[in-house]
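Below is one structure, written out as structure tokens; the observations come after it.
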Amino acid sequence: MSKAPLISIVDDDALARDGIRELVESLGYRTTTFASAEAFLKSSMVADTACLITDLQMPGLSGLELQDALRSQGYHTPVILITAFPDDKNRTRVLDKGAVGFLSKPFDEASLMKCLSTAVTASAQVVKRFIALASTTSMQDSGVLGYILPKFRAASGIDVRVAAVGTGQALALGARGDADALLVHDRAGEQKFLADGFGIDRRDVIYNDFVVVGPSSDPARIRGLKNVRHALSQIARAAAPFASRGDDSGTHRTELRLWKAAGITPDLHRGWYRNVGQGMGATLRLAAGMGAYTLTDRATWLNFKNGQGLEILTEVDPALFNPYGSILVNPANRPNAKFDDAKIWHE
């Protein structure tokens, strides 16, 4: 297998993507290509990428937003931004954000070679000391990890590479030995994880609370209710649209417990109850688009920028308290565990 550095190319224009791939491969590098930032972030290639070449303007996440997402997950991959619409303002913004290059389409081989050389050299110098953290999407969507991780890295010299998934998936990653530490929010699931011998030393570290958001028209008339079970009963009785994460996350698990406490079993075949199967941010966007109610943690809601008429309607019920726990993965179950560095993060 070739040991040449891997260059990942992210561009929604297929012709441009293929052209860049051919040029990069002609320079002796390995390549992998993606049509969107979201596809790249979900791939298994992120950790192996020595340099990322991405378009500045794309549907979904832009090139700069992709760079920010990588930083928030603990990756310091050198990035080359490319654009068909160059201007000095964008150039300054891109370089100030830490990109190693800013190229105008079409660019020549010499310009690309110079940027790639700088990027690959920078990649080789990136700190290799890191741990793998399985965390909830709310820790990322709320902005908490983006705030904490740079400070932790500066203080410790340790990178934290984040798999931001639902709590159920995070617990499964830990059980398989694919993470060094967890940051999750499902107390019952966490206690079982410990009892099964997969984790040690669970600690309460942070909390927020859940709220029910919905359209300002409030067809189920739940505005101002302090009893979430009563609110859910009214939503079900009105058959008002409700968007469920449906992803075995801590939020989804809490939602199911609340429906059960209200004496209701939502039926996916009735039409009003929709299973999204995605993270909190995506679920909020869908709820906003369809004028639906949903359960969200308050921190992610406060960081959500596109409410489209959604507002908090039910809150401040003790049943909505939402604590997060930090857990160390049992080193006996994780070959080559980075337990000492994970403990520094945990502390």
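- Ion pairing of Lys226 with Asp317 is absent here, as no side-chain N (NZ or NE/NH1/NH2) approaches a carboxylate O to less than 4.0 Å.
- Scanning all heavy atoms of the two residues, the minimum distance from Ser233 to Ile264 falls at CA-CD1, 3.5 Å.
- Contact check on Glu38 versus Lys42 returns no salt bridge, with no Lys/Arg side-chain nitrogen under 4.0 Å from an Asp/Glu carboxylate oxygen.
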Can you list the steps and then say if Thr167 with Phe193 is a side chain to side chain contact (heavy atoms under 4.5 Å, CB included)? CA-CA 11 Å; Thr167 285; Phe193 185 81; over 6 Å; no
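- Thr294 places a side-chain N or O within donor-acceptor distance of the main-chain N or O of Ala243, the cut-off being under 3.5 Å.
- Closest approach of Ala16 and Asp11 over heavy atoms only: CB-OD2, 3.9 Å.
- Between Lys192 and Asp196, at least one side-chain N (NZ, or NE/NH1/NH2) sits under 4.0 Å from a carboxylate O, which counts as a salt bridge.
- Salt-bridge formation is not detected for the pair Lys89/Asp87: no Lys NZ or Arg NE/NH1/NH2 atom is positioned less than 4.0 Å from an Asp or Glu carboxylate oxygen.
- By the 6.0 Å contact criterion, NZ on Lys105 is enclosed, its count of non-hydrogen atoms from other residues, nucleotides or ligands being greater than 12.
- Checking side-chain atoms of Asp12 against main-chain N and O of Ser36 turns up no donor-acceptor pair under 3.5 Å.
- For Tyr273 and Ser244, the side-chain atoms include at least one donor-acceptor pair closer than 3.5 Å.
- The CG atom of Leu56 lies 5.5 Å from the CG atom of Leu81; values are rounded to the nearest 0.5 Å.
- Side-chain atoms of Ser326 and His346 form a donor-acceptor pair, as typed in the model, at a separation below 3.5 Å.
- In this model, a donor atom of one side chain and an acceptor atom of the other lie less than 3.5 Å apart for His76 and Arg153.
- Summarising the local packing, CZ of Arg223 is surrounded by more than 12 heavy atoms from other residues, nucleotides or ligands at distances under 6.0 Å.
- Under 4.0 Å is where a charged nitrogen must lie from a carboxylate oxygen, and between Arg129 and Asp159 no such pair does.
- Minimum interatomic distance between Phe34 and Arg17 (heavy atoms only, all atoms of both residues): O-CD, 3.3 Å.
- Centroid-to-centroid, the aromatic rings of Trp345 and Phe130 stay 6.0 Å apart or farther.
- Ion pairing of Asp209 with Arg298 is present here, as a side-chain N (NZ or NE/NH1/NH2) and a carboxylate O approach within less than 4.0 Å.
- Side-chain contact check for Glu25 and Thr31: at least one donor-acceptor pair (N or O, by modelled atom type) lies under 3.5 Å.
- By the 6.0 Å contact criterion, CZ on Phe321 is enclosed, its count of non-hydrogen atoms from other residues, nucleotides or ligands being greater than 12.
- The pair Arg203-Asp201 meets the salt-bridge criterion, since a charged nitrogen lies less than 4.0 angstrom from a carboxylate oxygen.
- We find that Asp204 and Arg187 are joined by a salt bridge, their nearest charged nitrogen and carboxylate oxygen being less than 4.0 Å apart.
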